[in-house]
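Index from 1, following the sequence.
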Amino acid sequence: MPTVAQALIAHLERLAELGPLPRVARLHLPPPAADGTRDGEFCAVELEDGSLGLSFVLLGDTRSRLREPGADAVAGLPALALARRYVEGEGVQRTLGFAAVNALTRHLFDRAGYVPPPAQGSIGDLELAPGDHVGMVGLFPPLVKQVLETGARLTVVELREDLAGAREGWRVTLDPAELAACNKVLSTSTVLLNDTLDAILAHCRGAQRVSLIGPGAGCLPDPLFARGVTLLGGSWIVDAQGFKAALASGMPWSPHARKVAIAREAYPGVQ
């Protein structure tokens with residue numbers, strides 16, 4: 001089976017067969033003044049038709065390298081060519097490629113007249129209850145209390161060794177195989193970029209529900225749904241000009257976007 005990244009590019013290549021796709025217009029980066037804040041965590045690729053796609057920039061030295069002279073020389077490139085770097089590239093190039101994947105997804109959704117429904121809550125479609133065992137991929141501190149208040153058990157899978165260990169009523173592990181014991185899983189969308197997605201999903205095959213959430217979760221959900229994900233939750237930019245101005249100035253851009261959630265059972269499908 002192809003990887004999720006390969007499947008995403010394959011879908012976009014089929015889209016290109018239906019007619020010309022827009023080229024890349026520009027790359028938008030947060031300023032150094034936003035470093036250390038949530039407003040400095042994402043860049044955006046804009047296409048010539050105004051479609052915007054986000055990508056996380058805090059993996060490794062991605063953010064600093066994006067600020068090097070010439071790193072933003074993507075204007076004029078075919079959007080699909082940049083998107084292919086999500087599969088073929090590493091580091092900065094993979095980040096830019098994923099932003100292009102998200103921008104092309106927005107382009108497709110706008111062409112089709114599809115608007116994802118608003119998100120109903122911070123913990124996706126998990127519908128937690130006592131007796132549930134939740135696997136959280138990537139520590140979401142604000143959500144820990146929400147999960148525990150439902151009476152569910154919680155196991156967090158992290159890459160950072162300094163976070164591992166038992167807490168009061170929950171624990172953090174470095175072993176993703178422990179997700180196999182969880183009947184519901186909540187994952188950060190960062191797994192779409194850090195090469196852990198396919199392995200993570202392989203451990204979630206027995207889960208009833210798998211929610212993948214985060215501002216960067218703007219790609220086509222089809223290959224994710226085919227691998228067991230039940231909900232994809234991301235950010236839908238509603239005011240492009242306001243978003244771009246806020247990102248460039250290091251100000252909060254969330255007022256110019258809304259949280260959306262695409263449920264597997266309600267999604268019409270890329271076809």
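No continuous path of hydrophobic side-chain contacts links Val157 to Met136 [ILVMFWY only; heavy atoms under 4.5 Å]. Linking ILVMFWY residues whenever their side-chain heavy atoms come closer than 4.5 Å, directly or via other members, leaves Val137 and Val172 in distinct clusters. Residues Val185 and Leu126 are members of separate hydrophobic clusters, defined by side-chain heavy-atom contacts under 4.5 angstrom among Ile, Leu, Val, Met, Phe, Trp and Tyr. In the hydrophobic clustering of this structure, Leu54 groups with Leu108; members are Ile, Leu, Val, Met, Phe, Trp, Tyr whose side-chain heavy atoms approach within less than 4.5 Å, directly or through other members. Both Leu52 and Leu80 sit in one connected hydrophobic cluster of ILVMFWY residues. Membership requires side-chain heavy atoms under 4.5 Å apart, directly or through other members.
When side chains are defined from C-beta on, Pro78 does not count as touching Leu82, because their heavy atoms never get closer than 4.5 Å. No side-chain heavy atom of Val210 sits under 4.5 Å from any side-chain heavy atom of Leu231. Side chains of Leu18 and Arg111 form a contact here, defined as non-hydrogen atoms less than 4.5 Å apart. The shortest side-chain heavy-atom distance between Tyr267 and Leu220 falls under the 4.5 Å cut-off. By the 4.5 Å heavy-atom criterion applied to side chains, Arg264 and Val229 are not counted as neighbours. Between Pro30 and Phe42 the shortest side-chain heavy-atom distance does not fall below 4.5 Å.
Note that CD1 of Ile9 is 11.5 Å distant from CG of Leu15, once rounded to the nearest 0.5 Å. Note that the CD1 atom of Ile237 and the NZ atom of Lys244 stand 9.5 Å from one another [nearest 0.5 Å]. Rounded to the nearest 0.5 Å, atoms CD1 (Ile262) and SG (Cys219) are 8.5 Å apart. Rounded to the nearest 0.5 angstrom, His203 NE2 and Cys182 SG are separated by 11.5 Å. Note that the OG atom of Ser55 and the CG atom of Leu192 stand 9.0 Å from one another [nearest 0.5 Å]. To the nearest 0.5 Å, the span separating CG on Leu212 from OG on Ser189 amounts to 6.0 Å.
The pair Glu13-Arg84 counts as a salt bridge, with a side-chain nitrogen and a carboxylate oxygen less than 4.0 angstrom apart. Contact check on Glu48 versus Arg23 returns no salt bridge, with no Lys/Arg side-chain nitrogen under 4.0 Å from an Asp/Glu carboxylate oxygen.
Proximity of a side-chain donor or acceptor of Thr62 to a complementary backbone N or O of Leu58 within less than 3.5 Å is not detected. With Lys259 contributing its side chain and Gln120 its backbone, the two residues share no donor-acceptor pair below 3.5 Å. With hydrogens and angles ignored, the 3.5 Å screen pairs no side-chain donor or acceptor of His256 with any backbone N or O of Val238. The closest donor-acceptor contact from the side chain of Glu158 to the backbone of Leu139 lies under 3.5 Å. In this structure, Arg85 contributes its side chain and Leu96 its backbone to no donor-acceptor pair below 3.5 Å. Judged by distance alone, with hydrogens and angles left aside, the side-chain atoms of Ser235 form no donor-acceptor pair with the main-chain N or O of Arg258 at under 3.5 Å. Between the side chain of Ser51 and the backbone N or O of Leu47 there is no donor-acceptor pair closer than 3.5 Å. Proximity of a side-chain donor or acceptor of Arg227 to a complementary backbone N or O of Pro223 within less than 3.5 Å is detected. Glu88 places no side-chain N or O within 3.5 Å of a backbone atom of Tyr86 that could act as its donor or acceptor partner. Side chain of Asn183 to backbone of Asp132: no donor-acceptor contact under 3.5 angstrom is found.
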Inset, instruction - Any chance you could lay out the side chain to side chain donor-acceptor pair (under 3.5 Å) test for Thr196 and Asn194, step after step, and finish with the verdict? - result: CA-CA 6 Å; Thr196 62; Asn194 66 7; 2.5 Å; yes
Legend entry - Glu161 and Leu174: CA distance, side-chain angles, deciding distance, side-chain contact (heavy atoms from CB on, under 4.5 Å) verdict: CA-CA 7 Å; Glu161 293 185 15; Leu174 304 178; 3.6 Å; yes
Inset, instruction - Tell me, with the steps shown, if Leu224 and Leu197 meet side-chain contact (heavy atoms from CB on, under 4.5 Å). - result: CA-CA 10 Å; Leu224 297 167; Leu197 175 60; 3.8 Å; yes
Inset, instruction - Could you please spell out the steps behind the side-chain contact (heavy atoms from CB on, under 4.5 Å) verdict for Thr188 and Ile213? - result: CA-CA 5 Å; Thr188 169; Ile213 63 173; over 6 Å; no
Inset, instruction - Could you check Glu41 against Phe56 for side-chain contact (heavy atoms from CB on, under 4.5 Å), going step by step and ending with a plain yes or no? - result: CA-CA 6 Å; Glu41 294 181 352; Phe56 190 63; 4.0 Å; yes
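Using cut-offs of 30° and 60° on the angle between ring planes, the pair Trp236 and Phe109 is parallel.
Inspection of the Asp49 and His107 side chains reveals an N or O donor paired with an N or O acceptor under 3.5 Å. Side-chain contact annotation: Glu178 with Thr155, donor-acceptor N/O pair under 3.5 Å absent.
For CZ of Arg38, the number of neighbouring non-hydrogen atoms (other residues, nucleotides, ligands) closer than 6.0 Å is 12 at most. In this structure, Leu163 places its CG atom where more than 12 heavy-atom neighbours from other residues, nucleotides or ligands lie under 6.0 Å away.
Considering all non-hydrogen atoms of both residues, Leu148 and Glu168 come closest at CD1-O, 4.4 Å. Closest non-hydrogen pair, Leu66 versus Ala71, comes out as O-CB, 3.4 Å. In plain terms, the two heavy atoms of His133 and Leu154 that are nearest each other are CD2-N, 4.4 Å. Closest non-hydrogen pair, Gly216 versus Phe98, comes out as O-CE2, 3.2 Å. Across every non-hydrogen atom of Thr37 and Ala34, the tightest pair is OG1-O, 2.6 Å. Here the shortest heavy-atom pairing between Ala152 and Val134 reads CB-CG2, 4.0 Å.
Of the candidates Asp35, Asp72, Asp61, Arg67 forms a salt bridge (Lys or Arg N to Asp or Glu O under 4.0 Å) with just one, namely Asp35.
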